[in-house]
Protein chains: 2
Amino acid sequence: MADRSTIYEVARRSGVSTATVSRVMADGKGFSPATRERVRAIAAELGWVPSGPARGLASRRSGIVGLLFPDLGRSGEAEEESPLYIDQVIRGAERAATAVGDAVLIAATQCASGRELAFSVAGKVDGLVVMARSVSDEDIDALARSVPVVVLANNRVRSGLDFVGADNRSGARDVTGHLITEHGIRDLAFLGGPSESPDSQDRFAGFCDALALAGLPVPGAPAADGAFTEAGGDQAARAMLAERVPRAIVCGNDEMAIGALGALRSARLRVPADVVVTGFDDIAATRHVRPALTTVHQPMRELGERAVQVLLGRLSEPAGPPFTVVLPTEVVIRGSCGCRAPGSRRQA
Amino acid sequence: MADRSTIYEVARRSGVSTATVSRVMADGKGFSPATRERVRAIAAELGWVPSGPARGLASRRSGIVGLLFPDLGRSGEAEEESPLYIDQVIRGAERAATAVGDAVLIAATQCASGRELAFSVAGKVDGLVVMARSVSDEDIDALARSVPVVVLANNRVRSGLDFVGADNRSGARDVTGHLITEHGIRDLAFLGGPSESPDSQDRFAGFCDALALAGLPVPGAPAADGAFTEAGGDQAARAMLAERVPRAIVCGNDEMAIGALGALRSARLRVPADVVVTGFDDIAATRHVRPALTTVHQPMRELGERAVQVLLGRLSEPAGPPFTVVLPTEVVIRGSCGCRAPGSRRQA
DNA sequence: TTGTAGGCGTTATCAT
DNA sequence: ATGATAACGCCTACAA
């Protein structure tokens, strides 16, 4: 509290040199157990912890990795607009970082206004994990010139950058295929997210793959857009239902599917009897809604973990060819697709 | 990427001194617009961003605030064991920090094993927000000797430390009072969380307050403990029901209430007809379960925001008396208490 | 096992 | 409006 003490004072009071104090705090080698105890005791007594900035300057490693994620819904007053799965990614990143003694710096950025923040963060970290839609593609390239960058869940391949993502396309193909094959459904509609979202694009592509595979007509675009939010899903579904009632609504994510469930209920349509619904992501709420939501599980936590692992790898191996990690997704069968036995999983 | 360039190179190429470059990057005063543009252009061209560590060392401010939150469920394999509301707190903290240009460093720590991590983080930040149960009370004191600390949601008052929390006790008193007053219920049981949790303790105390106020017998301890998890709530409720069936189960948090809902369903008891249930926190899932959960809203995001605001205030005013901020909670009436008109809120 | 000393990349003070 | 230069607190060869 009172003017933070320095390594010099600790050294003086313990009767050793600063080099020895440094070695002790780094848990390295080159000192007797007795010295170690004495130094640590003095440090504790003084409430001294080595200065991160000074350490970082001297060793050229801050021991911090940055995570940039999209900052949705900050403009409006709406709470919880941001996709819930981001929190899981953050947890995963934190876990992987602390596993090696690093810490995670987080920053929510919007493509438009986040530039300054993003570059400010870049200066404070050893490397950056950048989630889709948190900064513009050009800025990703710019950031990558300042610091190692791992791109997360953004299918737009940036030349030479490491990438970690989930197999969205296969997941969407598989759920859609399930509806077609197991339930004999031939009239399906896709409820997409923001058109610029790579995730939404990939999932729509997978949806189309399944239709094509079954010889069904392939639409050129999602039947409606729901902004990846529950309210948006509700609205989009209402609009869709006003025109026609498909036998199945395949949603770009779980939040929208839950919104669609509400719209369907308002329209006095039963799920799955009249219309079946599927989601994507497998957020916690899918188990709580009635009927429970058939969806595609995305390994959100692992996405975060792998992203920082790849980043750490890059830090120790600055050259080397770019990594690309695509984690598998799997469909999770619950009630909303019309299946009886819920809970089973099929890997994609 | 290639050996990060320094302020020297930028200065040389722009034909100015490092001091000027520094001023330009700090957006300060003391340079012509022309110089400003030139320097920024060179910096962008080189992909140079000022080194955070060097900045921090020279200015004695890293521009980073730390957030320590409890790391539950890392031991077991269970995903999503950690209370969901922590994510909201993180978002709030991030928002408040970036509002002033700072960044947030997060670290999940367990009281037992997190010591080292906590102190490592302490060295990297200007100040720390410490959530309940993330580090031991003794370690909080120790940390506070190294760096400014704000205690979040831990009712154990630490002498002289700033504190931010929610009014758990009033919230619990109010829901419980609602059941007694509006629904005429006189046979209530409290399903608590981990006994060492300050939140759980406060909420149980509020529950007791309401009973006492109504002249009902006051229990010495919660009827059961559910570890604040859905599975724990389910188990605890089953155990409780095996002995007796209360008219109301007041739960220490929403996850446990949702678990209790499941246990009740298994026991063929209807909610709210046979047994009414209430939760605490107002997580997203409370709106999805059937019946929707009557609960107590806790301003989670705001908790995070206020905590870092208080911390930032402390940084600019190191002396001064300790702050204490207690945010109000409010009960949210939904279906699980037996009320007809859901959605209304009553402030605590 | 321990000490010495140079350097890490900025900021800030004092000049000009 | 701009420069020169001394800190800032630690790490790390290099020595002893």
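Bear in mind that the values here come from a model prediction, so they are computed numbers and not experimental data. Proteins come first, then strands; the chains are lettered A, B, ... in the order of their sequence lines, and each starts at number 1. Values reported hereafter were calculated over all heavy atoms of this structure, with side chains retained and with hydrogens, waters and symmetry mates removed.
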State, to 0.1 Å, how close [X] and [Y] come at their nearest heavy-atom pair, and which atoms those are.
{"X": "Gly30(B)", "Y": "Arg23(B)", "answer": "O-NE, 4.0 Å"}
{"X": "Leu143(A)", "Y": "Ala118(A)", "answer": "CD2-O, 3.9 Å"}
{"X": "Pro148(B)", "Y": "Arg314(B)", "answer": "CB-CG, 4.1 Å"}

| task | Check step by step if salt bridge (charged side-chain N to carboxylate O under 4.0 Å, His left out) holds for Arg36(B) and Asp27(B). | result | CA-CA 9 Å; Arg36(B) 179 201 150 91; Asp27(B) 251 340; 3.0 Å; yes
Please evaluate residues Glu305(B) and Arg301(B) with respect to the criterion salt bridge (charged side-chain N to carboxylate O under 4.0 Å, His left out), reporting the C-alpha separation (whole Å), side-chain torsions for both, the decisive distance (0.1 Å), and the verdict.
CA-CA 6 Å; Glu305(B) 286 185 19; Arg301(B) 202 153 193 157; 5.3 Å; no
Taking atom [atom2] of [N] as reference, at what distance in whole Å does atom [atom1] of [X] sit?
{"X": "Lys124(A)", "N": "dG9(C)", "atom1": "NZ", "atom2": "C1'", "answer": "16 Å"}
{"X": "Ile7(B)", "N": "dC8(D)", "atom1": "CD1", "atom2": "P", "answer": "19 Å"}
{"X": "Arg12(A)", "N": "dG9(D)", "atom1": "CZ", "atom2": "P", "answer": "15 Å"}
{"X": "Tyr8(B)", "N": "dT5(D)", "atom1": "OH", "atom2": "P", "answer": "12 Å"}
{"X": "Arg4(B)", "N": "dG9(C)", "atom1": "CZ", "atom2": "P", "answer": "10 Å"}
{"X": "Met25(B)", "N": "dT2(D)", "atom1": "CE", "atom2": "P", "answer": "16 Å"}
{"X": "Arg60(B)", "N": "dA12(C)", "atom1": "CZ", "atom2": "P", "answer": "9 Å"}
{"X": "Glu9(A)", "N": "dC10(D)", "atom1": "CD", "atom2": "P", "answer": "11 Å"}

*asked:* Check whether Thr324(B) reaches the backbone of Phe163(B) with its side chain - one donor and one acceptor, N or O, closer than 3.5 Å.
replied: no
In numerical order, the residues of residues 46-56 of chain A whose heavy atoms come under 4.0 Å of DNA chain C are none
Contact list (N/O, under 3.5 angstrom) for nucleotides 1-3 of chain C vs protein:
residue	atom	partner	partner atom	Å
dT2(C)	OP1	Thr35(A)	OG1	3.0
dT2(C)	OP2	Ser32(A)	N	2.9
dT2(C)	OP2	Thr35(A)	OG1	2.9
dG3(C)	OP2	Ser17(A)	N	2.7
dG3(C)	OP2	Ser17(A)	OG	3.2
dG3(C)	OP2	Thr20(A)	OG1	3.1
dG3(C)	N7	Arg23(A)	NH2	2.9
dG3(C)	O6	Arg23(A)	NH1	3.2

The side-chain hydrogen bond (donor to acceptor under 3.5 Å, both in side chains) partners of Asp126(A) (sequence neighbours excluded) come to Ser62(A)
